[in-house]
There are 2 protein chains.
Amino acid sequence: MTVDPNFLSALMILKLEGVFTLTGEERQALHDLPMRVVVLKTNQDIVHIGECPLQSFLVLEGFASSYKLTADGVRQIVALHIPGDAPDLQTLHLKRIDCSFASISPCKVGFFQLDDLRRICERHPRLSAAFWRETLVDASILREWVVNVGRRDAYTRVAHLLCEFLVRLKAVGLVENSAFDFPITQANLADATGISAVHMSRALKALREDGLIQTRRMHLAVPDWAKLVNAGDFDPFYLHLGVNAAAGFRPAPQPKAAAL
Amino acid sequence: MTVDPNFLSALMILKLEGVFTLTGEERQALHDLPMRVVVLKTNQDIVHIGECPLQSFLVLEGFASSYKLTADGVRQIVALHIPGDAPDLQTLHLKRIDCSFASISPCKVGFFQLDDLRRICERHPRLSAAFWRETLVDASILREWVVNVGRRDAYTRVAHLLCEFLVRLKAVGLVENSAFDFPITQANLADATGISAVHMSRALKALREDGLIQTRRMHLAVPDWAKLVNAGDFDPFYLHLGVNAAAGFRPAPQPKAAAL
DNA sequence: CGATTACTTGAATTCACTCAATGGCGGTGG
DNA sequence: CCACCGCCATTGAGTGAATTCAAGTAATCG
């Protein structure tokens, strides 16, 4: 995948189009957002907790994480970011960043000035709302992570994380035949699920032996989606994907919501 | 505490004032927000997951929770809400609610129409930004909860939750002499920390025996704040409280943030 | 090809869980 | 007023899931 200098906005636009149709003006505004592309190796810090940056970033290629450390130096990954994600939108309204960001695979990110984005938000209220919505979806994912880490056993937990990964990657077109590139170490997966790296190895082995996943190299395949969903107690609803993006993952058209 | 019919907006205003000073117009707009006060007993559902409500609510008195259930019916509380919180601002931009809300103590909540709030947001961009900020702080708390549940042992986890509770309650003036009303069952605390109710009992006992907390009836006192903070690996920064609100909790004025 | 990093496996341990029984408190009704 | 019931909290005993420690294998990179 080559990096078009405006690939940043292209990805952003793709994602927002999943929610509502942009006007030409809105698309243009995003397109004109100046940015600086940076290439990262694995495990490089992007922003560090406590900083007050003047810029924010978008993931273009590869994967990134948000993480925090406990007092005794144990790491917990609190979010995984895939191409198209803007992990750090909180900087728009919170001065100091409350978690660190790092690449967890070779990775390209695009930096943009917060002031530029603020200007866009002021001029285009619908875009502002769309970014707000993004941060709300992130919060929804965090809620599911609390459940995952708090109440599911390791096997289910890992299955759930892989389900989430697959659905999110599919939404940005990075899945082919229920398989995708997966250059993430077990240690990182362990930090994302709150288990030890050793136990992650065992959990993945169990999933493999049960025929729920196939791992070769840095590549992951899901032979039986329904089984993995079942094993992971997974319902993609919390991802709040547009109907288009979620096609193929919702077994049936979503039921009319219950009246209040 | 009696319920002034406009107590809702009063609380909302109080909280927002912690971030920036409202103009008279802004204050008036909040004050004029129509609302309906509802009194709840313990453990009553307020909004159920999957609904598409036309209204949202604010907690006036007592405590509420956001929770989700796993497939086998185990509950995980993903957020606790105290007076002044608007737990359900996500409805502004997400159609279907992705978690349930319930009272976890006797409780008063104020419902308002989303359309009314949307109108306020359109007319008062600074208020819109302030509400957005609120949701970002909620996300920050969720990140800390993932760390808490994922990487800390039960003892530390419970201490951390109690620290968070005390700081947040203090910010809305519900703490006196490091003590506060605490009408929350151990089962609920267990669901918030991802441990079993039995183990919660043991953890609280240990904290009591170590002199970190005192519990009598539905009341909790913290004799030695520094010790509890230490035991809970607690740093209030993630709460993003205004400087005023956090007074007395930050050991020193926050250091100039590191440059990017 | 040698060095480093990632993964796997086994064994012993520990933290937290379930199950089960008991005690305290508050409310309700005879 | 006291007896009873239900909810909540406590405690003990046994179990189990996940951890740490340790060793060894496979893969990757310069």
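Numbers restart at 1 for each chain; the letters A, B, ... are given by sequence-line order, proteins then strands.
In this entry the distance linking CE of B/Met218 with C1' of C/dG24 reads 13 Å, nearest Å. Rounded to an integer number of Å, the gap from CZ of B/Arg216 to C1' of C/dC25 is 17 Å. When the C1' atom of C/dT18 is taken as reference, atom CD1 of B/Ile195 falls 14 Å away, rounded to whole Å. Whole-Å rounding puts the B/Arg152 CZ to C/dA16 P distance at 13 Å. In this structure, the CZ atom of B/Arg157 is 13 Å from the C1' atom of C/dC17, given to the nearest Å. Straight-line distance from the CZ atom of B/Phe182 to the C1' atom of D/dC8: 14 Å, rounded to whole Å. The CZ atom of B/Arg151 sits 16 Å away from the P atom of C/dC15 (whole-angstrom rounding). Counting to the nearest Å, the C1' atom of C/dT8 and the CD atom of A/Gln186 are 8 Å from each other.
Cation-pi contact between A/Arg96 and B/Phe237: present, with separation from the ring centre below 6.0 Å and deviation from the ring axis of at most 45°.
A/Arg208 comes within 4.0 angstrom of the backbone, heavy atoms only, and of no base. A/Thr185 comes within contact range of the sugar-phosphate backbone alone, with a heavy-atom separation under 4.0 Å but no base atom that close.
Taking the six-membered ring for Trp and thresholds of 30 and 60 degrees, B/Phe63 and B/Phe165 have ring planes inclined between 30 and 60 degrees apart. Classified by interplanar angle (parallel below 30°, tilted 30° to 60°, perpendicular above 60°), the ring pair A/Phe234/A/Trp225 is perpendicular. Aromatic ring orientation, A/Phe57 versus A/Phe101: perpendicular (interplanar angle above 60°, classes split at 30° and 60°).
Scanning atom types as modelled, one donor and one acceptor separated by under 3.5 angstrom connect the side chain of A/Arg202 and the base of D/dT20.
A salt bridge links B/Arg168 with B/Asp85; the closest basic N to acidic carboxylate O contact falls under 4.0 Å.
Between B/Asn43 and B/Lys205, the residue anchored closer to the 5' end of DNA chain D is B/Asn43, taking for each the nucleotide with the nearest heavy atom.
Under 4.0 angstrom from either OP1 or OP2 of C/dT8 there lies at least one side-chain N or O belonging to A/Ser201.
The side chain of B/Val198 lies closest to C/dC19 when the candidates are C/dC19, C/dT9, D/dT19.
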